[in-house]
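Shown next, in structure tokens, is the structure this report addresses.
Quantities reported herein were computed from a predicted structural model and do not represent experimental measurements.
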Amino acid sequence: MANPKSKHSKTRRNKRRTHYKATAPTLTVCSNCGTSIPPHTVCPECGYYRGQLVIEKSETAE
């Protein structure tokens with residue numbers, strides 16, 4: 001088994017891990033209502049996808 005001959009410092013370890021970071025999710029704007037949604041998904045607010053009604057949303061009394 002390969003083992004290090006000497007200990008790697010915390011700085012060296014952290015330099016290796018600099019690219020391990022979270023990325024912000026990609027969001028697009030709904031063409032019907034303007035809500036931010038992930039791309040290629042039906043808008044949960046209005047039910048439209050690419051300008052066409054896909055899911056009927058019932059109007060609830062607010």
Side-chain angles (χ1 to χ4, degrees):
M1 300 296 268
N3 288 315
K5 201 160 244 197
S6 60
K7 180 181 176 178
H8 285 229
S9 67
K10 294 173 191 162
T11 303
R12 192 164 173 185
R13 176 199 65 198
N14 294 341
K15 282 181 187 177
R16 185 179 68 248
R17 295 179 181 174
T18 59
H19 303 291
Y20 297 173
K21 50 187 144 186
T23 57
T26 306
L27 295 176
T28 58
V29 177
C30 176
S31 59
N32 187 51
C33 66
T35 306
S36 296
I37 56 170
H40 309 292
T41 58
V42 176
C43 179
E45 300 295 322
C46 63
Y48 276 74
Y49 178 71
R50 297 186 70 186
Q52 296 181 356
L53 183 62
V54 179
I55 299 172
E56 284 286 333
K57 290 294 203 173
S58 61
E59 295 294 323
T60 58
E62 292 181 8

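Residues meeting the side chain to side chain contact (heavy atoms under 4.5 Å, CB included) test with Thr11, sequence neighbours left out: Ser9, Lys15.
To the nearest 0.5 Å, atoms NZ (Lys21) and NE2 (His19) are separated by 7.5 Å. Arg13 CZ to Lys7 NZ: the interatomic distance, rounded to the nearest 0.5 Å, is 9.0 Å.
In this structure, Leu53 shares a hydrophobic cluster with Tyr48, the cluster being traced through Ile, Leu, Val, Met, Phe, Trp and Tyr side chains under 4.5 angstrom apart.
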Only distances under 3.5 Å count here; give the side-chain donor-acceptor pairs of residues 26-47 to other protein atoms, sequence neighbours excluded, each with its distance to 0.1 Å.
residue : atom : partner : partner atom : Å
Thr28   : OG1  : Ile37   : O            : 3.2
Thr41   : OG1  : Pro38   : O            : 2.6

